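Report on the following structure.
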Amino acid sequence: NNYSWSEWGDNKIGDYAAKTWRTPKKDEWVYLFNTRKVNGADGYSYVRLKTGSSSSDTVTGCLIYPDNFTWAKAGVTAISTGASAGVQVVENATWKKLEKAGCAFLPGCSYRDGTTVSANYYGRNVFYWSATDYDTYSAYLANFNFGGRSILPANYANRYGGYAVRLVREVK
């Protein structure tokens with residue numbers, strides 16, 4: 001088995017064969033947030049935002065632009081981007097345009113620490129596993145800290161932490 005303990009893509013998902021989807025590796029998270037620059041998005045490849053139709057209907061998360069993204073191509077007015085921009089609010093109609101332009105949204109979520117589920121980080125500090133082991137007991141993860149305005153794509157944590165998983169697949 002060439003997969004690490006943190007690989008979640010072994011299962012058949014929908015109409016896709018088993019092992020079509022996979023967990024991103026640490027280097028892919030680093031590339032996505034620290035290396036890649038998207039020209040039409042003020043040089044950043046992501047923005048922390050809330051989506052929804054009202055303040056009580058919002059979901060905090062991270063919007064990731066495709067490599068060829070421009071605000072004009074998406075048909076939306078540019079919003080401030082990058083970790084220091086703060087959390088932007090995007091209405092549902094704008095989100096639908098961004099999604100159609102190829103953007104992906106990583107929602108904020110709770111996590112499990114051993115046997116305790118913690119909801120108090122929801123929307124403030126979000127963790128997504130990578131498929132890269134750090135050592136025998138830990139793996140790398142991407143950490144989005146909305147309060148501190150940082151995205152750390154190469155943190156690591158003990159594997160007993162029940163963090164979120166975002167599966168990806170190769171697209172030609």
Side-chain angles (χ1 to χ4, degrees), residues 1-38 41 44-51 58-69 81-83 87 90 95 98-172:
N1 186 343
N2 293 330
Y3 292 98
S4 78
W5 65 269
S6 54
E7 174 55 63
W8 292 90
D10 287 342
N11 300 312
K12 182 179 179 331
I13 299 173
D15 293 334
Y16 295 94
K19 299 185 181 181
T20 299
W21 292 87
R22 63 179 178 77
T23 309
K25 296 176 180 80
K26 177 194 93 168
D27 292 343
E28 291 170 316
W29 284 115
V30 170
Y31 170 76
L32 192 61
F33 291 108
N34 288 357
T35 306
R36 182 176 79 101
K37 300 294 182 204
V38 177
Y44 290 95
S45 60
Y46 63 88
V47 64
R48 295 166 309 129
L49 59 80
K50 292 183 179 183
T51 62
T58 58
V59 175
T60 303
C62 186
L63 178 76
I64 302 170
Y65 311 113
D67 286 341
N68 61 355
F69 179 82
T81 62
V87 178
V90 174
W95 161 243
L98 292 168
E99 184 178 33
K100 187 175 181 182
C103 293
F105 183 69
L106 300 174
C109 49
S110 301
Y111 70 92
R112 180 186 45 77
D113 185 5
T115 59
T116 304
V117 175
S118 176
N120 61 353
Y121 273 22
Y122 175 78
R124 226 174 16 112
N125 206 6
V126 180
F127 304 95
Y128 279 90
W129 280 122
S130 82
T132 306
D133 293 332
Y134 176 77
D135 61 21
T136 304
Y137 304 103
S138 305
Y140 285 97
L141 49 77
N143 171 216
F144 313 119
N145 181 313
F146 292 96
R149 297 182 175 189
S150 64
I151 294 183
L152 307 169
N155 279 0
Y156 63 91
N158 288 324
R159 50 173 115 175
Y160 63 75
Y163 303 114
V165 175
R166 177 65 178 214
L167 298 180
V168 297
R169 68 180 174 89
E170 300 297 323
V171 177
K172 298 189 190 246

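Numbers for residues simply follow the sequence, beginning at 1. Excluded from the calculations below are hydrogen atoms, water molecules and symmetry mates; all remaining heavy atoms, backbone and side chain alike, are included. All values reported here derive from a predicted model rather than from experimental measurement.
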Whether the side chain of Thr20 engages the backbone of Ala17 through a donor-acceptor N/O pair (distance < 3.5 Å, no angle test) should be reported.
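The answer is yes, because a donor-acceptor pair under 3.5 Å joins these two groups.
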Check for a donor-acceptor pair, side chain of Asp133 on one end and backbone N or O of Asp135 on the other, with a separation under 3.5 Å.
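Checked: no pair found.
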Reported [atom1]-to-[atom2] distance for the pair [X] and [Y], which is rounded to 0.5 angstrom:
{"X": "Trp21", "Y": "Glu170", "atom1": "CH2", "atom2": "CD", "answer": "11.0 Å"}
{"X": "Tyr128", "Y": "Thr23", "atom1": "OH", "atom2": "OG1", "answer": "12.5 Å"}
{"X": "Ile64", "Y": "Phe69", "atom1": "CD1", "atom2": "CZ", "answer": "12.5 Å"}

Relative to each other, are the rings of Tyr134 and Tyr156 parallel, tilted or perpendicular (30° and 60° limits)?
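Plane angle under 30°, so parallel.
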Mind checking whether Tyr163 and Phe127 have parallel, tilted or perpendicular rings, split at 30° and 60°?
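The arrangement is tilted - the two ring planes meet at 30° to 60°.
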Side-chain touch Phe105/Glu99, heavy atoms, less than 4.5 angstrom
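Phe105 vs Glu99: side chains apart.
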Exercise: identify the closest heavy-atom pair between [X] and [Y]:
{"X": "Ala101", "Y": "Pro66", "answer": "O-CG, 3.4 Å"}
{"X": "Cys103", "Y": "Tyr65", "answer": "SG-CD2, 3.8 Å"}
{"X": "Trp129", "Y": "Val165", "answer": "CD1-CG2, 4.1 Å"}

Verdict with reasoning, Leu167 to Arg22, per side chain to side chain contact (heavy atoms under 4.5 Å, CB included):
CA-CA 5 Å; Leu167 298 180; Arg22 63 179 178 77; 5.8 Å; no
Check against side chain to side chain contact (heavy atoms under 4.5 Å, CB included), Ser130 and Leu141:
CA-CA 5 Å; Ser130 82; Leu141 49 77; 5.7 Å; no
